[in-house]
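Okay, so here's the structure we're looking at.
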Protein chains: 2
Amino acid sequence: MKNTLRMTHQREVILDELGKATSHPTADSLYERVKKRLPRISLATVYRNLEILSEVGLIRKLEISGRQKRFDWDLEQHDHIYCVQCYRVDNIEIKRDHKFSLPTEHERGYEIKGCRVEFFGICPQCQKKNARSEKKKGAKKMACKPKSCKSGGGCKTGSLSERQREVLAALANCKKSCGSKDIAEVTSLEPKQISCQITALKKKGFVDSPERCKYEITQAGKKALA
Amino acid sequence: MKNTLRMTHQREVILDELGKATSHPTADSLYERVKKRLPRISLATVYRNLEILSEVGLIRKLEISGRQKRFDWDLEQHDHIYCVQCYRVDNIEIKRDHKFSLPTEHERGYEIKGCRVEFFGICPQCQKKNARSEKKKGAKKMACKPKSCKSGGGCKTGSLSERQREVLAALANCKKSCGSKDIAEVTSLEPKQISCQITALKKKGFVDSPERCKYEITQAGKKALA
DNA sequence: TTTTTTGCAAAGAATTTGCAGCGCG
DNA sequence: CGCGCTGCAAATTCTTTGCAAAAAA
């Protein structure tokens, strides 16, 4: 029984590509880069190695923002900022004062291992994207009280909301039917919000779904857009 | 077109159960509780409602620790601490000083929306569990340099490591074949670590896998344990 | 009635695993 | 030449979706 870690070629390439990356790639995007150098490598290998390398301490695994894990080649203590819209992650350096190296000590009996500070916001690119579509934040849905819910706070939308119009326009520009991810890329909306709009648009007959999770604009939709 | 949020019975029960919860439940565990009151409710409904309620601002969605999302009934500004072993999440209150309401300003052009502080460590229960099994941290694998990797740092294990013994013992107590999750519950190891041990144990012929992801101890395994 | 919600089943994304064979040490 | 590692496919886990029926307003 040896149980010794080996430095294989794929391992080395993964490390190297991670080192070269300026951002904090996901396993998946790292896989894409590595595949250019090692076409036969499998995604599973990338996952396995990222996991192993981070256990061993050669790289850092970031568990940020509840989405895909991201990996960081830089082991030094630093914090991150991420974009709530596109989920890119950047480094920030803030001098952490002792004051929150340990909050107080009545920490519910936890044996504290560390602390992470994350800022979030909108990255430059998304800001630009949003400016382009001129409509950063659509009206949120109305709030609603647990018990009665007869609050009169209105929440009506016209027969073709701004969001719907945007999604519809995006679909009009698609040659073929496309998924909500494709739409997300050309609008300011998140995939989740898009699917709501699509549901509404389908009801109105402006959008059709030739296949699960694929949508296209109908003739009626084109007319409505005009 | 109304587009008004309705307070349905299931919505109300979900909110109520979340309010009663002392921890920060996952969608899944909340579903289990709600199901006791509304046996016909579906998991999809729970997910849908948690999403909607958090959009609307009645609850808070926590994106912590890269695992399942968790939900918080308490909307007030507070931070969290979570257990790196079992992933439970508790509240903490630290007075945040202005100093990191905005780190500096050269924040790479981000339009900053907020900041989150998370502590992590080992929760009291897991500490106890670890003490019981008397072996908090097994030897981590050896480190390994990118290029050469001929560092002699040893990392050998005997023919039946402590971990393997523990897993084997857990399997011995199982009446039927069981998955790694079941084993995780009665040992101090995480599922991921367990599967490594199982792989090793299978090679030695101490464990058999009658079905994918189901394991049981063999006669040889029982003998080895003794 | 009209619009929103639900339950269900099936799809989806991200990640992990079993396995047999390859290849490093 | 044995153990660790890889590729591949299939499985797992968590979450979302389409749709028709049911429930609110």
Side-chain angles (χ1 to χ4, degrees), chain A residues 1-14 26-29 31 35 38-52 61 66-70 141 144 148-150 152 155-157 179-181 191-192 194-196 198-200 202-204 209 211-215, chain B residues 1-12 14 26-29 31 35 38-52 61 66-70 141-142 144 148-150 152 155-157 179-181 191-192 194-196 198-200 202-204 209 211-215:
Chain A
M1 294 254 87
K2 293 286 159 42
N3 209 351
T4 314
L5 222 44
R6 289 176 189 170
M7 183 49 60
T8 59
H9 192 37
Q10 20 282 83
R11 197 108 91 194
E12 200 157 338
V13 173
I14 290 170
T26 59
D28 188 76
S29 74
Y31 168 62
K35 204 163 55 170
L38 304 173
R40 289 186 46 75
I41 200 174
S42 97
L43 179 57
T45 300
V46 174
Y47 271 106
R48 256 182 303 226
N49 278 309
L50 288 173
E51 189 59 39
I52 290 172
K61 178 161 62 168
R67 307 276 285 203
Q68 285 150 277
K69 287 170 191 143
R70 288 173 176 272
K141 276 194 196 139
C144 159
S148 57
C149 196
K150 41 187 143 187
C155 191
K156 326 249 169 179
T157 21
S180 52
K181 256 194 167 175
K192 224 173 291 167
I194 287 166
S195 62
C196 294
I198 287 183
T199 303
K202 281 202 301 189
K203 270 188 190 163
K204 293 177 187 171
S209 176
E211 185 190 340
R212 204 166 219 283
C213 301
K214 293 288 173 191
Y215 315 99
Chain B
M1 297 257 91
K2 292 289 159 39
N3 209 351
T4 314
L5 222 43
R6 288 176 188 173
M7 185 47 61
T8 60
H9 192 37
Q10 21 281 81
R11 199 108 91 194
E12 200 157 339
I14 289 170
T26 59
D28 188 77
S29 75
Y31 167 63
K35 202 160 58 168
L38 305 173
R40 289 185 48 75
I41 200 172
S42 96
L43 178 57
T45 301
V46 174
Y47 270 107
R48 258 182 304 228
N49 277 309
L50 289 172
E51 188 59 40
I52 290 172
K61 179 161 59 170
R67 308 278 284 207
Q68 284 150 279
K69 286 171 192 142
R70 288 173 176 270
K141 277 192 195 139
M142 61 163 279
C144 159
S148 58
C149 196
K150 43 189 146 188
C155 192
K156 326 245 170 181
T157 21
S180 52
K181 255 193 165 176
K192 220 173 295 168
I194 287 165
S195 62
C196 294
I198 287 183
T199 303
K202 281 201 302 190
K203 271 187 191 164
K204 294 178 188 171
S209 176
E211 186 190 338
R212 203 168 220 284
C213 301
K214 294 287 173 192
Y215 315 99

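Each chain gets a letter, A, B and so on, in the order its sequence line appears, and its residues count up from 1.
The distance from atom NZ of K69(B) to atom CD of E51(B), rounded to the nearest 0.5 Å, is 6.0 Å.
Base contact: R48(B) has a heavy atom under 4.0 Å from a base atom. I41(A) comes within contact range of the sugar-phosphate backbone alone, with a heavy-atom separation under 4.0 Å but no base atom that close. Using a 4.0 Å heavy-atom cutoff across all strands shown, N49(B) reaches sugar-phosphate atoms only and no base atom.
Checked against dC14(D), dT6(D), dC8(D), the side chain of R40(A) finds its nearest nucleotide in dC8(D). Side chain of K69(A), nearest nucleotide from dT16(C), dC8(D), dT5(C): dT16(C). For Y47(A), the side-chain atoms get nearest to dT15(C) when compared with the rest of dT15(C), dG7(C), dT6(D). The side chain of R11(B) sits closest to dT5(C) out of dC14(D), dT16(C), dT5(C). Proximity note for A44(A) (side chain, C-beta onward) versus dT6(C), dA9(D), dT16(D): the nearest is dA9(D).
Between I14(A) and L50(A), the closest heavy-atom pair is CG2-CD2, 4.0 Å. Residue I41(A) comes nearest to K35(A) through the heavy atom pair CG2-CA, 4.2 Å, listed as atom of the first residue, atom of the second, then distance. Annotation for Y31(B) and V46(B): closest pair CD1-CG2, 3.8 Å, computed over non-hydrogen atoms.
In this structure, K61(A) places its NZ atom 13 Å from C1' of dA14(C), rounding to the nearest Å. Residue L5(A) contributes atom CG, which lies 19 Å from atom P of dG23(C) at whole-angstrom precision. Atom CG of L38(A) and atom P of dG7(D) are 8 Å apart (whole Å). Summarising the geometry, the separation between CE on M7(B) and P on dA25(D) is reported as 9 Å, rounded to the nearest angstrom. For the pair L50(B) CG and dC14(D) P, the computed distance is 15 Å after rounding to whole Å. Summarising the geometry, the separation between OH on Y31(A) and P on dA14(C) is reported as 14 Å, rounded to the nearest angstrom. Counting to the nearest Å, the C1' atom of dT17(D) and the CG atom of L43(B) are 13 Å from each other. When rounded to the nearest whole Å, the span between NE2 of H9(B) and C1' of dA25(D) equals 18 Å.
Here R11(B) pairs with N49(B) under the side-chain hydrogen bond (donor to acceptor under 3.5 Å, both in side chains) rule; sequence neighbours left out.
Under 3.5 Å, the side chain of R6(A) and the base of dC24(C) form at least one donor-acceptor pair of N or O atoms.
Two residues, V46(A) and D28(B), neighbour DNA chain D, and the one matched to the more 5' nucleotide by heavy-atom proximity is V46(A).
At dA23(D), none of the side-chain N or O atoms of T8(B) fall inside 4.0 Å of OP1 or OP2 (strictly under the cut-off). An OP1 or OP2 oxygen of dG7(C) is reached within less than 4.0 angstrom by a side-chain nitrogen or oxygen of Q10(B).
Helix-axis bend for the helix from dT1(C)-dA25(D) to dG25(C)-dC1(D): the local axis fitted to the five terminal pairs at one end deviates from that at the other end by 40°, rounded to 10°.
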